[in-house]
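Take a look at the structure set out below.
The figures that follow rest on heavy atoms only: side chains count, while hydrogens, waters and symmetry mates do not. In what follows, chains are A, B, ... by sequence order, proteins preceding strands, each numbered from 1.
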Amino acid sequence: MNFIINKINIISRNIFIKKFKIYNSFKFLLYNNYYNKNFGDLYFNLSTLYFLNYKEQHIFGKILGKKIINKYIKNYKIINNYFNIYYTNLFYFKNIKLFLKKKLKKILINKNNKKKTILIDYSSPNSNKPLHLGHLRNILIGSMLANIYKNLGFKVIKSQIINNRGIHICKCIICYKLFFKKKNIYIKGDHFVGKLYIEFEKKLNKEIKLLTKKYNINKKKALKRSKLLKLVNLELIKWENKNKKTLKISNKLNNLVIKGFKETYKKLNIEFDEILYESDTYLLGKRIILKNLDNIFNLNKNDNSIYYIYNNKNIIVIRKNGTSLYITQEIGTLLYRIKRHKNLYKLIYVVGNEQKDHFQCFFEIIKKLNICKYKLFHFSYNNVNYLGKKIKSRIKLNNNIVLIDELINFVNKKIKKKFLNKKLNNNIIYKLSIGAIKYEFLKINPKKIINFNIKNTLSLKGNNGIYIQYTYVRILSIIKKIKINKIKLNYKNFFIKDNEKTLIKQLIDNKNIIEKTIKTNDTSILINYLYIISKTINNFYNYNKILKTKNLNIMKIRLIISKIILKFLYFNMRMIDIPILKNI
RNA sequence: GGUCACGUAGCUCAGUAGGAUAGAGCAACUGCCUUCUAAGCAGUUGGUCACAGGUUCGAAUCCUGUCGUGAUCACCA
């Protein structure tokens, strides 16, 4: 493919100079076509040659056409001002041979990226509630990007920071102290702590309602008078002053949550190279802020809080009571990472787009502090919505599936029910569930809102993860039945049908797709590609008999194509981390 | 109100480095299991690409405005 494009560029330049006396370095954008049978395998639009008029464009086309025909290019045709190129059978033969012999990594991936290290920060939950569907999108996008970068040759550090410090933790601590201390914990740790948080919010709401009635004041004023909130704030000061009793409860709750998170991650086959805790990093942030108090940050002399001016707004970085905030932690964590990892190439924060302002402010501060020579990048994805509103763990859906654990259970049951007559074992059902969930969340462009809907989102027909897994198993079952290693391809007996040509062309496109995915960080590009080739593969399977073909040569060729299909499916499924099945 | 996204078939989404006739899946209807795994294949129906201007030989794609939806604008994280 590339050599054809290069050749066209070289020949064209000659024509421009000799025929039209035009000296410029125009580069062609050629497109692969595997959608429309009436048009060429490779094409470009002659109108893009803006420096020639319509007549000249066609003269150019005709000269170019005659010159490019060779053993790989059979023919050319100009239709509607489009220059179409048609491949010879030898072209397909060569590509099949290449795909069969070489490792896909070598064919599909540029080697320039070796030794560069990328740190990807994703998931980063607060340790006051279980992981929910909002986190799920974050986890899956981050994990897939990490996978792709790894396959591209980068060294990847998958990093997670657990936000285990702050008001939210203290709310749980207070709730535990007041109402749950003597009760037994009989549910998953993260679910228990989530319950503490919800209970606290309920009690707080009650108190606020009472206060607003009693003193006839608005909510803001009531919040200031709240006894519960006062307790929480005191607890936060205690926490940052390392009060032993407070830290003991904090650690207990923290451990419960982390254990719960680990179980959930394991179900999804998600792993991290490092897990950091805000409790270990926030002091670094606090220190550097105090160090730069006069030149970058400002002290409010009335109440001793410290703020940074961003877009004419005062952003508080240290509270009047001396405790730190989200952004304090963010600065500290970056410092911690820089110390820990030397020679990073880039840091990518996979965080929701609602934090766009936060990251812009954060990056600005880092630039002024002049502490980081690495590229910082916020990859923002959009929300998961339910009934038009952003999903939060406190919302309960109809079937209670707002949490990741609940979603997995739900899908698991659904698949079990659907394939009841097939008597699948639990391991296969589990792999199908995970595949379905991952595919469903990743197939939508990250910059778009996912409107979560149980019926549509978890449809098990058509364009979904199971379809891909099934396609793989179908082809595998053929290969399993026959020893294929000794088969040799011979061009003399080479025969290929149109649907097989389409497939080869699509496989060639894999390289472009990967490059485009990484350029845009859009996971849906690769997923949709996988779906398109799977459709072609199923078409190939239905129309071309393989083991039952009488002609031995044709059977050999189709077996080899089947083997190549498996290679491609395996490679791409691994990138997305959809579980691969060996049988059903 | 300011800022940032998004608006494509009844529903869920592709297509946006301008380019040929706007594509899939679900839902509805029609065929195909004695045949390598029917979790599949093939087909029919379904579109004012939110609306209005502009740029261009050419706009779903770029620009401007309007409308609609969501996020954000905390001494929460």
>> With a 4.0 Å limit, can you tell me whether A/Lys443 has a side-chain N or O closer than that to the phosphate oxygens OP1/OP2 of B/rA14?
In response: no
How far does the P atom of B/rA60 sit from the matching atom of B/rA17, given to the nearest Å? 14 Å
Using Watson-Crick geometry (N1-N3 plus N6-O4 or O6-N4) or G-U wobble (N1-O2, O6-N3), each under 3.5 Å, B/rU12 is paired with B/rA24
Name the nucleic acid region contacted by A/Asn45, choosing base, sugar-phosphate or nothing; use a 4.0 angstrom heavy-atom cut-off, strictly under.
base
* Quick one: label A/Lys418 by what it contacts on the DNA or RNA (base, sugar-phosphate, nothing), any heavy atom closer than 4.0 Å. => nothing
Whole-Å P distance, B/rA9 and B/rC4: 27 Å
To the nearest angstrom, the CD1-C1' distance between A/Ile391 and B/rA71 comes to 15 Å
Using atom C1' in both nucleotides, what's the gap between B/rG68 and B/rC76 to the nearest angstrom? 30 Å
### Query
Using atom P of each nucleotide, how far apart are B/rU64 and B/rA71 to the nearest Å?
25 Å
Item checked: B/rA24 and B/rG15, which share atom name C1', separated by this distance in whole Å -> 10 Å
Worksheet item: Counting just side-chain N and O atoms, does A/Lys545 come under 4.0 Å of either OP1 or OP2 of B/rU35?
Response: no
* Looking for any heavy atom pair under 4.0 Å, which part of the strands does A/Asn38 touch: base, sugar-phosphate only, or nothing? -> base
Among the nucleotides B/rA39, B/rC75, B/rC13, whichever has the atom closest to the side chain of A/Asn451 is B/rC13
Among the nucleotides B/rU16, B/rU35, B/rU37, whichever has the atom closest to the side chain of A/Lys548 is B/rU35
Here the distance between atom C1' of B/rA14 and atom CG of A/Leu526, to the nearest Å, is 14 Å
Check: A/Asn542/A/Asn539 side-chain N/O donor and acceptor closer than 3.5 Å: no
- What is the nucleic acid contact for A/Lys519, judged by heavy atoms within less than 4.0 Å: base, sugar-phosphate only, or nothing? base
**Message:** Students often get this wrong, so: under 4.0 angstrom with heavy atoms, is A/Gly388 touching a base, only sugar-phosphate, or nothing?
**Reply:** sugar-phosphate
The nucleotide from B/rU37, B/rA71, B/rC75 with an atom nearest the side chain of A/Lys389 is B/rA71
With the side chain defined as heavy atoms from C-beta on, A/Ser305 is closest, among B/rC75, B/rC13, B/rG25, to B/rC75
Expected label for B/rC33 (glycosidic angle, syn inside 90° of 0, else anti) would be syn
Report task. Please state whether the phosphate of B/rC76, meaning OP1 or OP2, lies under 4.0 angstrom from any side-chain nitrogen or oxygen of A/Arg319. Result -> yes
Presence of donor-acceptor pair under 3.5 Å, side chain of A/Asn84 and base of B/rA20: yes
Side-chain contact check for A/Lys313: nearest option of B/rU16, B/rC73, B/rA24 is B/rC73
* Examine B/rC76: is either OP1 or OP2 under 4.0 Å from a nitrogen or oxygen in the side chain of A/Arg165? Give yes or no. => no
note: A/Ile525, atom CD1; B/rA17, atom C1'; distance rounded to Å ~ 12 Å
Answer for the Watson-Crick or wobble partner of B/rA39, both distances under 3.5 Å, is none
- Task: Could you give the distance separating B/rG25 and B/rG43 at their C1' atoms, to the nearest angstrom?
- Result: 16 Å
Quiz prompt | Touch class at under 4.0 angstrom, heavy-atom based, for A/Lys461 against every strand present | solution = sugar-phosphate
Assign A/Tyr541 to base, sugar-phosphate, or nothing according to its heavy-atom contacts below 4.0 angstrom with the strands shown. base
> Looking only at side chains, do A/Ser124 and A/Gln160 share a donor and an acceptor under 3.5 Å apart?
Replying inline: no
Considering every strand and a 4.0 Å limit on heavy-atom distances, what is the contact class for A/Asn464: base, sugar-phosphate, or nothing?
nothing
- Query: Heavy atoms, side chains only, cut-off 4.5 Å: are A/Ile437 and A/Leu136 in contact?
  - Reply: yes
Q: Using only side-chain N and O atoms of A/Arg558, determine if any of them is under 4.0 Å from OP1 or OP2 of B/rC36.
A: no
- Query: Contact class for A/Asn544 (heavy atom, under 4.0 Å): base, sugar-phosphate, or nothing?
  - Reply: base
When we call it a touch if two heavy atoms are under 4.0 Å apart, what does A/Tyr543 touch: a base, just sugar-phosphate, or nothing? sugar-phosphate
*asked:* For a quick check of understanding: with a heavy-atom distance under 4.0 Å over all strands, which category does A/Tyr467 fall into, base, sugar-phosphate or nothing?
replied: sugar-phosphate
query: For A/Asn311, which contact category applies under a 4.0 Å heavy-atom criterion: base, sugar-phosphate, or nothing?
result: nothing
State, without any angle test, whether A/Glu240 and A/Tyr282 hold a side-chain donor-acceptor pair at a distance under 3.5 Å.
no
Regarding the side chain of A/Lys356, the nearest nucleotide among B/rA20, B/rC4, B/rU37 is B/rC4
(Q) In whole Å, measure the gap between the C1' atoms of B/rA22 and B/rC49 for me. (A) 8 Å
ask   = Can you find a side-chain donor-acceptor pair between A/Asp522 and A/Ser524 that sits under 3.5 Å?
value = yes
Report task. Give a yes-or-no answer on whether the side chains of A/Gln355 and A/Tyr349 include a donor-acceptor pair shorter than 3.5 Å. Result -> no
**Asked** Taking 4.0 angstrom as the limit, do A/Glu201 and A/Lys171 come out as a salt bridge?
**Response** yes
Is any side-chain nitrogen or oxygen of A/Ser477 closer than 4.0 Å to OP1 or OP2 of B/rU37?
yes
Comparing nearest nucleotides in RNA chain B, the 5'-proximal residue of the pair A/Gly462, A/Leu547 is A/Gly462
Review point. Using the P atom in both, what is the distance from B/rC6 to B/rC62, to the nearest Å?
Key: 9 Å
Which part of the nucleic acid does A/Ile449 contact within heavy-atom distance under 4.0 Å: base, sugar-phosphate only, or nothing?
sugar-phosphate
By nearest-nucleotide position on RNA chain B, the 5'-leaning member of A/Gln355 and A/Asn528 is A/Asn528
Tell me what A/Ile466 touches on the nucleic acid: a base, only sugar-phosphate, or nothing, going by heavy atoms under 4.0 Å. base
Open item on the list: Counting the benzene-type ring for Trp, do A/Tyr531 and A/Tyr467 have ring centres under 6.0 Å apart?
Closed with: yes
Looking at B/rA14, I'd like to know if its phosphate oxygens (OP1 or OP2) sit under 4.0 Å from a side-chain N or O belonging to A/Lys448.
yes
Considering only heavy side-chain atoms of A/Arg474, the closest of B/rA38, B/rG25, B/rC75 is B/rA38
| task | Report yes or no: is the cationic atom of A/Arg474 (NZ for Lys, CZ for Arg) closer than 6.0 Å to the six-membered ring centre of A/Tyr541, at no more than 45° off its axis? | result | yes
